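Both backbone and side-chain heavy atoms feed into the values below; hydrogens, waters and symmetry mates do not. Only a predicted model underlies this, so the values are computations on that prediction, with no experimental measurement involved.
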Amino acid sequence: MCAAVFGGGFWFGLQRGDVDGRGTPEDKAVAKKGRSEASTETSGVRPSPEIVDQEASRREPLPEYLSNLLALEEEIDRSYHFVQLLHSLEPSEFPGLNDELRALPAGPRQIRMLEKLYRRWGEIDPVVAGEHALALKEGHRGRYIADVAIGWAKQEPVQAWNWIMEVSNDGGAQVFRPNLVMSEIARRDAATAFTLADSLGEGVIKDFVSRSMARGLSESGEYQTGFSEILSRDPTPSHLMLLNQMFRTWGRDDLASAQAALQSVPEGRYRDSALLGFTGGWAAIDPAAAMQYVLNEVEGENRGRLLQTVAGAWVRSGNLNEVAELLDRLPATSETDSGVAEIVSSIAMVDPAAAITWIDTIDNEEKRAHLRMRSVSVWTGKDPQAAEGYVDQLQPGNDKNRALQGLAWGYFHQSEIADGAFQAIDRMTDPGIQQETLLRLAEISSHTWGGNVTVDKGRIREQVAAMQNVPDAVKEKALSLLE
C-alpha cells in the first residue's frame, strides 16, 4: 500500500544518511522498526535499489508528499517516513516544511511532527531554527524551543545549553525542559554534562536535570564516568539523587559492575543513596536475590527502607506466594520486625486481605496497628463487606480502633458508600483516635470536593449531628469546620 501511494519518490532520502545514530531514541526506534518491516517480503515500505538511488529533485512537492504521508494508516509508518524526509532536507527547505506542518489540523499528530522537525532543524541549522521557535506565540512554544536545543546539543552541547539557559532565564521556567537538553548532552559527553550542571543552583530544576543526566548516562553506558564525576563533588541533594538514579539503572544493566562500584563508595550519604538505588535496580530483575542480599548484608537504618523497596518490586511482579514463603521463614524477633512491617506494607497496597495474615506477627504494637489501619483502608475500597467482616471480629482495643479508622477512610473515599465512614467513627472506643479521625475528615470535607468523593457538606453535617458515641464538644468542632 505504501509503495503504491508514494511511488518511486518516497525512498529518495535513504541514500543521504537517514537515521544515522544521531537521532532521538524515538526516531531510532521508528527507524529500527521501519527497517525490520522493510526486510520482509510482505512489507509495504520496503525499498528497491532503483528507488534508493534516485535524486532528491525527483521528490513530489511537499504538500503532495505530506498529504500522501498522512494518508498512511499506521503511525509507525508515518513516523518512519517523516524521519527519512527530515534527514534528506537541506537547511533552506525547513522553513517551507514548517509552514506546511502548521497548516495541518491542530492535534497530537501535528505536535509530534513539529517536535521532530525542530529537533532535526536544531541539529543542522540551530540559529535559524531557534529564531523560528522563539517567534512562536502558541502554547507549545516552550516545547519547540527545547526541541531545537536538544537537536543543537547533538553537535554543540555547550552552545545549546547556554542558549536554553538564556532563553529560559537560567532554567527558571520548566516549560523550556532544560532537563531533556541535559539528557542529550549526558548521552554524548558525561564530563561536559556535569560541568554544565554545576552552574545550576540547588532546587527543582536541578533535580529534574539530575534525573535526566542519569537517563542519559544509562543510555550511553557511561556509568563509570558518571560515578567518578559524582564522587568528585560534594553530596548535595541533586548529586545524591543522581547517584541513586544511576545505580538503579546500573544495577539492572550490569549487576556485577554496579556491585563492584558500590563497594568502593565510602560510608556516608553517598553510600546510602547508591545502595538504595542499586537494590532497587536489582529488585527489578531478581527481587528474591535482592531480598536475600538485604537480609544478609545490610544492617542499621537502611535495612527497613531497602526491604520496602525490594518488597514493593516483588509484590508488584505478582509473586505474592514467594513473598509469603519468605515471611514465614523470617524469625519473629525485634531485629526482623521492621523488615516484616515494610514487606507487609507493600503487600497491603496490592492484596490487603493477604497482608492481614502477617500483621499479627509484628511485635511492635504501633507498627502493627498502623499497618492494620492502612490494610483495612485499601481493603474497604476493594471489598467493603469483607473488610467490615474482618473488623467486626477483632477484639476491642487499639488494634480494632485503628482498623475502624482504616474502615472510615476507606468508606470516605468511595462515593457511593461514604456514609459508612461516620458509622465507623461512631463505633470507636478510643476518644483520641475518634476525635483525630472525625476532625481530619471534617477538615478535608470543608474544602472543594474532588476526585471520587461526592458527598455534600449538608449530608456530612447531618451525619455528624446524628453520632451517638462522640462527645458533643468534638461534634461541635467538626461542625464548625464544615461551616
Side-chain angles (χ1 to χ4, degrees), residues 203-204 207 304-305 308 312 341-342 344-350 352-353 355-356 359 362 364-392 394 396-483:
V204 174
D207 288 345
R305 288 198 305 162
Q308 185 178 31
E342 299 295 349
V344 172
S345 178
S346 297
I347 293 173
M349 301 310 295
V350 177
I356 293 292
I359 284 178
I362 299 172
N364 185 287
E365 183 179 350
E366 270 311 304
K367 284 184 180 179
R368 188 174 65 243
H370 176 70
L371 284 172
R372 199 183 306 277
M373 183 269 292
R374 288 186 58 188
S375 298
V376 170
S377 178
V378 176
W379 199 359
T380 305
K382 294 176 179 291
D383 189 346
Q385 289 185 340
E388 278 272 14
Y390 167 75
V391 174
D392 288 343
L394 290 174
N398 186 53
D399 281 346
K400 185 163 188 172
N401 281 308
R402 288 300 183 186
L404 284 166
Q405 187 178 44
L407 198 65
W409 284 114
Y411 274 135
F412 183 65
H413 288 95
Q414 303 302 309
S415 59
E416 69 276 12
I417 51 177
D419 293 1
F422 301 94
Q423 296 171 12
I425 295 172
D426 207 25
R427 292 166 57 191
M428 294 176 182
T429 59
D430 185 305
I433 296 176
Q434 188 179 62
Q435 176 173 317
E436 169 194 328
T437 310
L438 178 59
L439 295 184
R440 179 61 180 148
L441 187 151
E443 180 185 7
I444 294 175
S445 302
S446 66
H447 303 302
T448 303
W449 289 98
N452 293 327
V453 185
T454 56
V455 181
D456 61 43
K457 293 181 183 179
R459 175 60 183 152
I460 291 177
R461 283 193 289 267
E462 291 176 3
Q463 294 183 89
V464 172
M467 285 179 163
Q468 298 179 359
N469 300 315
V470 178
D472 289 340
V474 176
K475 289 197 290 186
E476 289 175 4
K477 286 182 180 179
L479 290 170
S480 68
L481 291 171
L482 294 165
E483 292 297 331

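Atom CZ of Phe422 is separated from atom OH of Tyr411 by 13.5 Å, given to the nearest 0.5 angstrom. To the nearest 0.5 Å, the span separating CG on Leu481 from CD1 on Ile460 amounts to 11.5 Å. Taken to the nearest 0.5 Å, the CG atom of Leu441 stands 10.5 Å off from the CD atom of Gln405. Note: Ile425 CD1 to Asn401 CG = 12.0 Å, rounded to the nearest 0.5 Å. Interatomic distance, CG of Leu404 versus CD of Glu388, reported as 8.5 Å (0.5 Å rounding).
Each of Met428, Arg402, Met373 was evaluated against Thr437; a single residue qualifies, Met428, per the side-chain contact (heavy atoms from CB on, under 4.5 Å) test.
Taking 4.5 Å as the limit, some side-chain heavy atom of Trp409 sits within range of a side-chain heavy atom of Arg440. At a threshold of 4.5 Å between non-hydrogen side-chain atoms, the residues Val470 and Leu438 count as touching.
Side-chain atoms of Asp399 do not come within 3.5 Å of backbone N or O of Arg372 as any donor-acceptor pair. Side-chain N or O atoms of Asp426 include one that pairs as donor or acceptor with a backbone N or O of Asn469 at under 3.5 Å.
Other residues, nucleotides and ligands contribute over 12 non-hydrogen atoms within 6.0 Å of the NZ atom of Lys475.
Minimum heavy-atom separation, Pro431 to Thr429: CD-O, 3.4 Å. Residue Ser375 comes nearest to Pro352 through the heavy atom pair O-CB, 3.3 Å, listed as atom of the first residue, atom of the second, then distance. Of all heavy-atom pairs between Ala478 and Leu439, the closest is N-CD2, 3.6 Å. A pairwise comparison of heavy atoms in Ala421 and Ala408 identifies CB-O, 3.2 Å as the closest pair. Contact detail for Thr380 and Ala387: the closest heavy-atom pair is OG1-CB, 3.6 Å.
Among residues two or more places apart in sequence or in another chain, the side-chain contact (heavy atoms from CB on, under 4.5 Å) test is passed with Glu365 by Arg368, Asn398.
At a threshold of 4.0 Å, the pair Asp392-Arg427 counts as salt-bridged, since one of the basic side-chain nitrogens sits closer than that to a carboxylate oxygen.
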Checklist line | Trace of the side chain to side chain contact (heavy atoms under 4.5 Å, CB included) decision for His370 with Glu366 | finding: CA-CA 6 Å; His370 176 70; Glu366 270 311 304; 5.6 Å; no
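Between the side chains of Gln423 and Gln463, no donor N or O sits under 3.5 Å from an acceptor N or O. No side-chain donor from either of Gln385 and Tyr390 sits under 3.5 Å from a side-chain acceptor of the other.
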